[in-house]
Amino acid sequence: MSLSKLINTFAHNLIEWVVERLPAIIHRERGDALNFLIALVLMGLALLLRLEIAPVSAGLQYITFFPAITLAAVVGGLWPGIFATMLGLSLATFIFTVPYYSFSFEAIKNAMGSNLVFLMDGVIVCSSIEAMHRYRASYAAELIEARRQEARVVALNKSLDEFTYIAAHDLKEPLRGIHNYASFLKEDYAPRLDQDGQKYIDSIQRLAGRLSTLIDSLMSYSRLGVAEVVREPVDVDNVLDGVAEDLNRLWTTEGIVLHRNGLLGVVIGDADRIGEIFQNLFSNAAKYNDKPSKWIEVGCDHGSVPPVFYVRDNGIGIAPQHHENIFRIFKRLHEQNKFGGGTGAGLTIVKKIVERYGGRIWLESVPGEGTVFYFTLSGDA
Ligand code: ADP
């Protein structure tokens with residue numbers, strides 16, 4: 001490394017070191033008296049330094065006073081800064097203007113021009129620093145308010161999830177009763193019912209069964225919001241091994257091929273929940289596919305921050321107008337029994353898991369050709 005580069009790096013590091021520590025001295029709640037005292041001490045030090053480096057007749061006083069004024073404004077704000085400026089003006093007139101060490105009319109007159117410029121500079125610097133202080137204070141207040149609101153929304157969502165869970169849970173019991181009574185009716189009164197009557201009972205049982213599945217989905221969805229968010233290192237490839245093993249058993253009969261494009265790596269999260277994401281996306285990719293040879297590709301773009309996982313398929317695709325609403329609970333784009341059925345809750349649950357880790361989920365799709373779901377598991381850098 002050349003000498004100039006070395007000096008450059010040293011200067012850069014030194015400036016960074018100072019800048020990093022400066023915020024620690026900006027502390028406005030130490031009381032006015034102390035702030036003015038600090039301004040006084042700083043100007044005293046600046047004066048000593050000035051007297052040390054050159055004789056009185058050499059001028060130069062403003063150069064040494066200015067850093068002290070700036071620091072006084074940084075530490076104490078506008079008025080301690082202005083106080084330091086006025087002190088600087090007095091010292092410049094009294095000590096450094098001919099006749100030296102006098103407050104004569106002549107000294108005041110001689111110092112008038114340079115003092116005016118110094119006064120203007122002082123006011124500009126101090127008010128700019130004060131403006132930054134105020135901006136910082138209002139920004140901090142906004143931040144506190146935003147955090148408060150966020151905490152309120154989180155608490156509200158949690159109690160909504162708790163309510164949904166309890167309500168769904170309580171709905172299951174009468175539903176079980178309906179289903180059971182329909183069964184008794186069918187078993188005990190079947191001979192006395194005509195064909196239509198039997199069909200109606202079958203429908204009651206089918207609908208009760210469907211409602212029960214929907215309630216189960218609702219309970220899974222709301223349970224997610226009530227549970228603690230687990231954050232531990234998860235080897236995503238391991239998770240994928242488990243999910244793929246389960247699904248492969250189903251897929252071999254249907255001839256679905258899963259391509260794993262490279263390693264997915266380690267993330268912070270919950271292995272079970274991450275497994276649930278892949279499980280949902282894979283089974284959708286397999287379900288919504290009418291091609292003779294079906295394939296699914298899974299991978300991760302490690303170049304992005306945070307890493308972006310993807311699940312690609314060569315299925316039926318999703319029209320652009322549905323890219324948002326497929327994430328709504330119970331939203332299905334097809335008739336109840338088409339493509340193997342479903343509750344329409346899978347993607348809603350996936351989205352909720354992803355968002356609980358600060359991530360997001362989105363998709364690209366060409367109807368008739370296939371879909372890619374992308375997701376991240378942490379907030380944007
Ligand atoms: P479900 O599969 O139970 O209907 P989901 O929430 O998982 O519920 O999906 C919602 C809807 O989004 C599905 O009904 C389907 O129409 C559509 N969809 C989801 N994944 C795919 C996919 N990979 N390809 C095409 N359509 C999909």
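Excluded from the calculations below are hydrogen atoms, water molecules and symmetry mates; all remaining heavy atoms, backbone and side chain alike, are included. Start at 1 with the first residue, then count along the sequence. Every number for a ligand or one of its atoms is a count from 1 in the order of the listing.
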Tell me, which protein residue and heavy-atom name are nearest [atom], and how many Å apart are they?
atom: atom 8 (O) of ligand 1; answer: G344 CA, 3.1 Å
atom: atom 9 (O) of ligand 1; answer: L347 CD1, 3.6 Å
atom: atom 12 (O) of ligand 1; answer: I326 CG2, 3.3 Å
atom: atom 15 (C) of ligand 1; answer: Y288 CZ, 3.5 Å
atom: atom 7 (O) of ligand 1; answer: N284 ND2, 2.8 Å

Query raised in the report: How many angstroms lie between CD in Q321 and NE2 in H323, if you round to the nearest 0.5 Å?
Result: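 Result: 8.0 Å between the selected atoms.
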Query raised in the report: Does any N or O in the side chain of T64 come within less than 3.5 Å of the main-chain N or O of R50, such that one atom is a donor and the other an acceptor?
Result: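 Not confirmed, T64 side chain does not pair with R50 backbone.
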For [X], atoms of ligand 1 separated by under 4.0 Å from a heavy atom:
X: G317; answer: 25 (C)
X: T371; answer: 24 (N)
X: I318; answer: 18 (N), 21 (C), 25 (C), 26 (N), 27 (C)

Query raised in the report: How far apart are the C-alpha atoms of K352 and E355, what are their side-chain angles, what is the distance that settles it, and do they pass the salt bridge (Lys or Arg N to Asp or Glu O under 4.0 Å) test?
Result: CA-CA 5 Å; K352 188 158 180 173; E355 288 178 351; over 6 Å; no
Query raised in the report: Where does D313 meet ligand 1, judged by heavy-atom distances below 4.0 Å: at the side chain, the backbone, both, or neither?
Result: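 The part of D313 near ligand 1 is the side chain, not the backbone.
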Requested in this report: Would you kindly specify which portion of K331 sits under 4.0 Å from ligand 1, judged on non-hydrogen atoms: side chain, backbone, both or neither?
Outcome: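 The part of K331 near ligand 1 is the backbone, not the side chain.
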**Report entry** Within-4.5 Å side-chain heavy-atom neighbours: I274 and Y357
**Finding:**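 Contact flag for I274/Y357 side chains = no.
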